[in-house]
Amino acid sequence: KSFYIYIITWYNITIEPKEKQIKIFSDNVNNKWIVYERDNNMGEIKRLYVEKKSGCDVEAQHLLEDLRENLGIAGLQSLRILHRYDVEGISEKDYQSAKNTIFSEPPVDYVYEENMPNTEQEYIFATEYLPGQYDQRADSAMQCVQLISQTEKPTIAVAKVFALKGNISTEELERIKKYCINPVDSREASLEKPNSLQLETEIPEDVKIFDGFIVSIFWFGTGDGASE
């Protein structure tokens, strides 16, 4: 005979806005409460840009040389690459802690909050993974933030921003975009800050049902009295 033991755990959650605390009653025997401080700004999207400092921007310099040699963009003078992070569902305390530990390395990175420095002479575009495509950088960042916050995993969207400077025509800019964006897994990203990072999915319409079809059976003679 087989015996099954079921262990049921339940949680009583109390939210106290005045105290800005969320209390989770996790132990009904010892009356133990786990208390989390609630941050009213957790619903806001925080944006930051991370750029390698001069001398450490190896990826940008390699791409600059690649575009000049392979695409023949002789008028391209300089190129910068920044990683853009949009973060939702994180407290201000955890955000400040993660800014220089998870999202960047202070010795080699510049960090810009909300807006990146650029000039009118720069051509800027960004790329991101297609919805549903696995983004290792975003996933790793979400897991690391959860480790330091010990709360729910935040939502993080990552994009790569390219800032080009030089005498570049519109046709050359389009060639550069096609060279940098792989349409199989990526697309050009908007430069505007979104209102939410939650994916919006459209519910498909019901499959149409057509009535009145007539099924016909055709018999073809073979000439020897048989048919098929």
### Task
Measure the CD-OG distance between Q133 and S186 for me, rounded to the nearest 0.5 Å.
7.0 Å
### Query
In chain order, what residues pass the salt bridge (Lys or Arg N to Asp or Glu O under 4.0 Å) check against E192, with sequence neighbours excluded?
none
### Query
Rounded to the nearest 0.5 Å, what separation is found between the CG atom of D139 and the SG atom of C144?
9.5 Å
#### Entry: side chain to side chain donor-acceptor pair (under 3.5 Å) against E152, all qualifying residues, sequence neighbours excluded
none
#### Entry: Atom CD of E105 with >12 non-hydrogen neighbours under 6.0 angstrom
no
### Message
Quiz question: by atom type and distance under 3.5 Å, do the side chains of D94 and S97 form a donor-acceptor pair?
### Response
no
### Message
Quick check: is I102 connected to L147 through a chain of hydrophobic side chains (ILVMFWY, heavy atoms under 4.5 Å apart)?
### Response
no
### Query
Does a side-chain heavy-atom distance below 4.5 Å link L82 with Y112?
yes
### Query
So, the side chain of S104 versus the backbone of P106: is there a donor-acceptor pair under 3.5 Å, distance only?
no
#### Entry: Verify same cluster id: L191, I45 (apolar side-chain graph, 4.5 Å)
no
### Task
Evaluate the criterion side chain to side chain contact (heavy atoms under 4.5 Å, CB included) for residue pair Q198 and T155; output intermediate values, then yes/no.
CA-CA 8 Å; Q198 304 304 318; T155 303; 3.6 Å; yes
### Query
Under the 3.5 angstrom rule, does the side chain of S140 hit a backbone N or O of Q136 as a donor-acceptor pair?
yes
### Task
Mind running side chain to side chain contact (heavy atoms under 4.5 Å, CB included) on D185 and Y134 for me, showing each step along the way?
CA-CA 9 Å; D185 60 10; Y134 177 68; over 6 Å; no
### Message
Counting C-beta onward and ignoring hydrogens, is there a side-chain heavy-atom pair between S169 and E174 closer than 4.5 Å?
### Response
no
Using distance only, find each side-chain donor-acceptor pair of residues 62-69 under 3.5 Å and give its atom names and separation, not counting sequence neighbours.
from : atom 1 : to   : atom 2 : distance (Å)
D66  : OD1    : N70  : ND2    : 2.1
D66  : OD1    : Y179 : OH     : 3.2
D66  : OD2    : Y179 : OH     : 2.6
R68  : NE     : L76  : O      : 3.0
R68  : NH2    : L76  : O      : 3.0
R68  : NH2    : Q77  : O      : 2.8

### Message
What's the separation between atom CD1 in I156 and atom NZ in K46, rounded to the nearest 0.5 Å?
### Response
11.5 Å
### Query
Taking the side chain as C-beta and beyond, is there a heavy-atom pair between V161 and I81 under 4.5 Å?
no
### Query
Out of curiosity, does I181 fall in the hydrophobic cluster containing L173 (side-chain heavy atoms, cut-off under 4.5 Å, transitive links)?
no
### Query
Who passes side chain to side chain donor-acceptor pair (under 3.5 Å) against E114, sequence neighbours left out?
K193
### Query
With a cut-off of 6.0 Å (strictly less than), are more than 12 heavy atoms of other residues, nucleotides or ligands near NZ of K153?
yes
#### Entry: Verify same cluster id: V50, I148 (apolar side-chain graph, 4.5 Å)
yes
### Message
Can you list everything that forms a side chain to side chain donor-acceptor pair (under 3.5 Å) with K177? Sequence neighbours excluded, please.
### Response
E188
### Message
Going by the rule ring-ring contact (aromatic ring centres under 6.0 Å, His included), which residues pair with F103 if we only count those two or more places apart in sequence or in a different chain?
### Response
Y85
### Query
Do the charged groups of D109 and K52 touch, with an N to O distance under 4.0 Å?
yes
### Task
First locate atom CD1 of I73, then atom CD of E172, and finally report the distance between them rounded to the nearest 0.5 Å.
4.0 Å
#### Entry: Fellow cluster residues of V207, listed by chain then number, with links counted only when side-chain atoms sit under 4.5 Å apart
none
### Message
D135: which residues meet the side chain to side chain donor-acceptor pair (under 3.5 Å) condition with it, sequence neighbours left out?
### Response
none
All N/O donor-acceptor pairs, side-chain side in residues 122-129, below 3.5 Å, sequence neighbours left out:
from : atom 1 : to   : atom 2 : distance (Å)
E122 : OE1    : R80  : NH1    : 3.2
E122 : OE1    : T119 : N      : 3.2
E122 : OE2    : R80  : NH1    : 3.1
Y123 : OH     : I168 : O      : 3.3
E128 : OE2    : R187 : NE     : 2.9
E128 : OE2    : R187 : NH2    : 3.0

### Query
Ion pair present between E88 and R47, side-chain N to carboxylate O less than 4.0 angstrom?
no
### Summary
Sorted by chain and number, sequence neighbours left out, salt bridge (Lys or Arg N to Asp or Glu O under 4.0 Å) with E113 holds for K99
## Note on the structure
Heavy-atom nearest pair, V145 first then P154, reads CG1-CG, 3.6 Å
### Query
Which value, rounded to the nearest 0.5 Å, describes the distance between Q61 atom CD and S78 atom OG?
8.5 Å
### ring-ring contact (aromatic ring centres under 6.0 Å, His included) partners for Y110, two or more places apart
none
### Task
Kindly work out whether a path of hydrophobic side-chain contacts (I/L/V/M/F/W/Y, heavy atoms less than 4.5 Å apart) joins V108 to V111.
no
### Side-chain hydrophobic cluster, 4.5 Å single linkage: members besides I209
none
### Task
Identify the two heavy atoms, one from Y49 and one from M116, that lie closest to each other, and give their separation to 0.1 Å.
CE1-N, 3.7 Å
